[in-house]
A.B. asks: 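Attaching a single structure in structure tokens format; questions to follow.
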2 protein chains.
Amino acid sequence: MKNRVEEIRKRHGIKQEELAAALEVTRQTIGSLENGRYKPSITLAFKLARYFHMSIEDIFIYEEEKENEK
Amino acid sequence: MKNRVEEIRKRHGIKQEELAAALEVTRQTIGSLENGRYKPSITLAFKLARYFHMSIEDIFIYEEEKENEK
DNA sequence: TTTATATGGAAAGTTAACTTGACATTCTTA
DNA sequence: TAAGAATGTCAAGTTAACTTTCCATATAAA
């Protein structure tokens, strides 16, 4: 599961902290997402999609994952 | 978070067990999703979307949730 | 340089998505 | 009506998404 959050956020000219506040999550959650430390919950994916006016599929790229998906 | 999994699955004429096997989850996971006992992980949402050839947004309906979202 | 701002990331705790296993209920169909 | 098939649902356990707290690094500005 890759994502384009960092790229899209920067294109919108906002900080991790601002995005986090807008979505009601912590800055660490945004940072961890951008750096691929974990996948978003579906709720966070929907919040990001709504915030950026994009579809979940345009922000997150699902690739056949290996032995460690859920 | 509402979803149309049961309706879509029935339209495809398959059992919970068959859908579960195709997505590599348990029958209980599908049943619990259909009956609203919990939200899907983003991976399961992507698997369902891919399986049914639909977008996540067409299967799951995100509504401003209350005090218990994440 | 110093200072402030933005980001990276680790550790420990909580919670909910999922599994396994088991039994109950509903629906067919023989 | 009895039996099998599909579904409902619970309890207990695992795991990873997220929080909180904290410190480190990079950059820019003063």
Side-chain angles (χ1 to χ4, degrees):
Chain A
M1 178 82 58
K2 291 183 182 170
N3 73 73
R4 299 169 50 216
V5 174
E6 179 171 18
E7 165 205 343
I8 298 165
R9 173 180 61 81
K10 286 184 174 167
R11 200 191 306 145
H12 281 246
I14 61 172
K15 305 174 218 166
Q16 288 185 345
E17 206 165 10
E18 292 168 332
L19 179 56
L23 307 188
E24 301 178 285
V25 294
T26 63
R27 173 182 71 80
Q28 283 78 352
T29 293
I30 299 299
S32 295
L33 245 193
E34 291 188 355
N35 289 292
R37 278 189 291 282
Y38 46 67
K39 303 169 193 169
S41 64
I42 190 150
T43 300
L44 180 52
F46 264 108
K47 284 180 173 181
L48 281 159
R50 185 186 48 179
Y51 184 86
F52 290 131
H53 302 102
M54 297 175 71
S55 72
I56 290 178
E57 286 87 348
D58 283 339
I59 301 175
F60 297 92
I61 297 95
Y62 176 62
E63 318 154 292
E64 301 309 295
E65 283 148 1
K66 299 283 170 196
E67 304 301 298
N68 22 3
E69 44 167 326
K70 262 301 148 43
Chain B
M1 179 82 58
K2 291 183 181 171
N3 73 71
R4 298 169 51 214
V5 174
E6 179 171 17
E7 163 206 343
I8 298 165
R9 173 180 61 78
K10 286 184 174 168
R11 200 192 305 145
H12 281 247
I14 61 173
K15 304 174 219 167
Q16 287 185 345
E17 205 165 11
E18 291 168 333
L19 179 56
L23 307 188
E24 300 178 288
V25 293
T26 63
R27 173 182 71 80
Q28 284 82 343
T29 294
I30 300 299
S32 295
L33 246 193
E34 292 189 354
N35 289 293
R37 278 189 290 279
Y38 46 66
K39 303 169 192 169
S41 64
I42 190 151
T43 300
L44 180 51
F46 264 108
K47 283 180 173 183
L48 281 159
R50 185 186 49 179
Y51 184 86
F52 290 131
H53 303 100
M54 298 175 72
S55 72
I56 290 177
E57 286 86 349
D58 283 338
I59 302 176
F60 296 93
I61 297 96
Y62 176 62
E63 320 155 291
E64 300 313 294
E65 283 148 0
K66 299 281 170 198
E67 303 302 296
N68 22 5
E69 41 165 330
K70 264 301 147 46

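What you see below is based on every heavy atom in this structure, not just the backbone, and it leaves out hydrogens, waters and symmetry mates. So you know, we letter chains A, B, ... as the sequences are listed, proteins then strands, and number each from 1. Given the structure is predicted, the values throughout are model-derived calculations rather than measurements.
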A.B. asks: Would you mind reading off the distance between K10(B) atom NZ and dT26(C) atom P, rounded to a whole angstrom?
C.D. replies: 15 Å
A.B. asks: Could you tell me the separation between the CG atom of L23(A) and the P atom of dT19(D), rounded to a whole number of Å?
C.D. replies: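 Result: 10 Å.
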A.B. asks: Rounded to whole angstroms, how far apart are CG on L33(B) and P on dA16(C)?
C.D. replies: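 Rounded to the whole Å, the gap is 16 Å.
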A.B. asks: Any non-hydrogen side-chain atom of F60(B) less than 4.5 Å from a side-chain atom of L48(B)?
C.D. replies: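 Side chain of F60(B) against side chain of L48(B), heavy atoms only: contact under 4.5 Å found.
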A.B. asks: Rounded to whole Å, how long is the line connecting atom CD1 of I30(B) with atom P of dT20(C)?
C.D. replies: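 Computing the I30(B):CD1 to dT20(C):P distance gives 14 Å.
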A.B. asks: Nearest whole angstrom, please: distance from the P of dA17(D) to the CG of N35(A).
C.D. replies: 15 Å
A.B. asks: Test for a donor-acceptor pair under 3.5 Å between the base of dT21(D) and the side chain of Q28(A), counting only N and O atoms.
C.D. replies: yes
A.B. asks: Taking the side chain of V25(B) as its heavy atoms from C-beta onward, which of dA17(D), dG9(C), dT19(C) lies nearest to it?
C.D. replies: dT19(C)
A.B. asks: Please work out which of the three classes, parallel, tilted or perpendicular, describes the rings of Y62(A) and F46(B), given edges at 30° and 60°.
C.D. replies: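 Rings of F46(B) and Y62(A): parallel, under 30°.
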A.B. asks: Whole angstrom is fine here: how far is it from CD in E34(B) over to P in dG8(D)?
C.D. replies: 6 Å
A.B. asks: Do L19(A) and V5(A) come close enough that some side-chain heavy atom pair is under 4.5 Å?
C.D. replies: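 Sidechains of V5(A) and L19(A): in contact.
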A.B. asks: Check if the side chain of R27(B) and the base of dG8(D) share a donor-acceptor pair of N or O atoms closer than 3.5 Å.
C.D. replies: yes
A.B. asks: Think Q16(B) has a side-chain N or O under 4.0 angstrom from the OP1 or OP2 of dG8(D)?
C.D. replies: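 Yes.
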A.B. asks: For the residue pair T26(A) and T29(A), confirm or rule out a side-chain donor-acceptor distance under 3.5 Å.
C.D. replies: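 A pair is found: one side chain offers a donor N or O, the other an acceptor, under 3.5 Å apart.
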A.B. asks: In this structure, how many angstroms lie between the P atom of dC18(D) and the NZ atom of K39(A), rounded?
C.D. replies: 12 Å
A.B. asks: Quick check on dA17(D): is either OP1 or OP2 less than 4.0 Å from any side-chain nitrogen or oxygen of S41(A)?
C.D. replies: no
A.B. asks: For dC18(D), does OP1 or OP2 lie under 4.0 Å from any side-chain N or O of T29(A)?
C.D. replies: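 No.
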A.B. asks: Toward the 5' end of DNA chain D, which comes first, K15(B) or R37(B), by nearest nucleotide?
C.D. replies: K15(B)
A.B. asks: Going by salt bridge (charged side-chain N to carboxylate O under 4.0 Å, His left out), E34(A) matches just one of R9(A), K10(A), R27(A), K15(A). Which one?
C.D. replies: R9(A)
A.B. asks: Taking atom P of dA17(C) as reference, at what distance in whole Å does atom CE of M1(A) sit?
C.D. replies: 16 Å
